[in-house]
Amino acid sequence: QAQLVESGGGLVQVGGSLRLSCVASGGAFSRYGMGWFRRAPGKEREFVAAINYSALRTTYVDSVKGRFTISRDNAKNTLYLQMNNLKTEDTAEYYCARAVTNWATKVSDYRTWGQGIQVTVSS
C-alpha cells in the first residue's frame, strides 16, 4: 500500500552537489523513521543515512559524514538527502526506505523501498 518515489539524481563531477527527494504515499509518513541506502555496481546494498520520525535524530555512515545531510518535511511527506562534495565512490543507485519503527537502527526494520535513482560522479 505504501509507495516511495525518488527523484533528483543525475550525473555530476567530483566536488559537485545533488539533492535527492523521496515522496511517500500510503499513510502516516510522520510516524516512521526513514533512511537512505545505496548500491554500487557489483556491490551489496549499504546504509547511508537515517532520520527519526520527528527529525530530531540522525545518523550517517562514516564515509559521508560532513558531506551528506538527511532531512524530512512531514507536512509534504517528503524525505531529502543533500549530497555535497561528491566523490567518485559515491556513484551508486540510491534508495529511500521507510521503517516500521519511529527510529530504525537495523536494515531489517526497513520494509518499504523506493525503486532507486542513479547518482553518477565523474572524474
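Predicted model only: the values in this text are computed from it and were never measured.
Expressed to the nearest 0.5 Å, how far OG1 of Thr59 lies from CH2 of Trp103 amounts to 5.5 Å. If you take CG on Asp109 and OG1 on Thr101, they are separated by 4.5 Å, rounding to the nearest 0.5 Å. Atoms CD and OG1, from Glu93 and Thr120 in turn, are 10.0 Å apart once rounded to the nearest 0.5 Å. Summarising the geometry, atom CE belonging to Met34 is positioned 11.5 Å from atom CG belonging to Leu81; distances are rounded to the nearest 0.5 Å. Here the OG-CG distance, from Ser54 to Asn102, works out to 8.0 Å after rounding to the nearest 0.5 Å.
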side-chain contact (heavy atoms from CB on, under 4.5 Å) assessment of Arg98 paired with Leu79: CA-CA 10 Å; Arg98 190 182 76 178; Leu79 177 74; over 6 Å; no

Test side-chain contact (heavy atoms from CB on, under 4.5 Å) on Asp90 and Arg67 and set out the steps. CA-CA 11 Å; Asp90 296 317; Arg67 300 188 298 117; 2.8 Å; yes

Kindly determine whether Met83 and Val119 satisfy side-chain contact (heavy atoms from CB on, under 4.5 Å), including the steps that lead there. CA-CA 10 Å; Met83 303 183 292; Val119 172; 3.8 Å; yes

Quiz: residues 7-31 side-chain donor-acceptor pairs under 3.5 angstrom, not counting sequence neighbours:
from	atom 1	to	atom 2	distance (Å)
Ser17	OG	Asn84	OD1	3.0

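Within 6.0 Å of OH on Tyr110 lie more than 12 heavy atoms contributed by other residues, nucleotides or ligands. More than 12 non-hydrogen atoms from other residues, nucleotides or ligands lie less than 6.0 angstrom from CD of Gln82.
No single ILVMFWY cluster, assembled from side-chain heavy atoms under 4.5 Å apart, contains both Val5 and Ile117. Linking Ile, Leu, Val, Met, Phe, Trp and Tyr whenever their side-chain heavy atoms come within less than 4.5 Å leaves Tyr32 and Tyr80 in two separate clusters.
Closest non-hydrogen pair, Glu6 versus Tyr94, comes out as OE2-O, 3.8 Å. Residues Ala40 and Ala92 come closest through the heavy atom pair N-CB, 3.8 Å. Here the shortest heavy-atom pairing between Arg38 and Ser63 reads NH2-OG, 3.4 Å. For Tyr60 against Lys65, the heavy-atom pair with the smallest separation is O-CE, 3.2 Å.
Using a 4.5 Å cut-off on side-chain heavy atoms (C-beta onward), Tyr95 and Leu4 make no contact. Residues Thr112 and Gln3 form no side-chain contact, since every pair of their non-hydrogen atoms from C-beta on lies 4.5 Å or further apart.
Ring-centre distance between Phe37 and Phe47: below the 6.0 Å cut-off.
When atom types are taken as modelled, the side chain of Arg72 and the backbone of Ala55 share no donor-acceptor pair closer than 3.5 angstrom.
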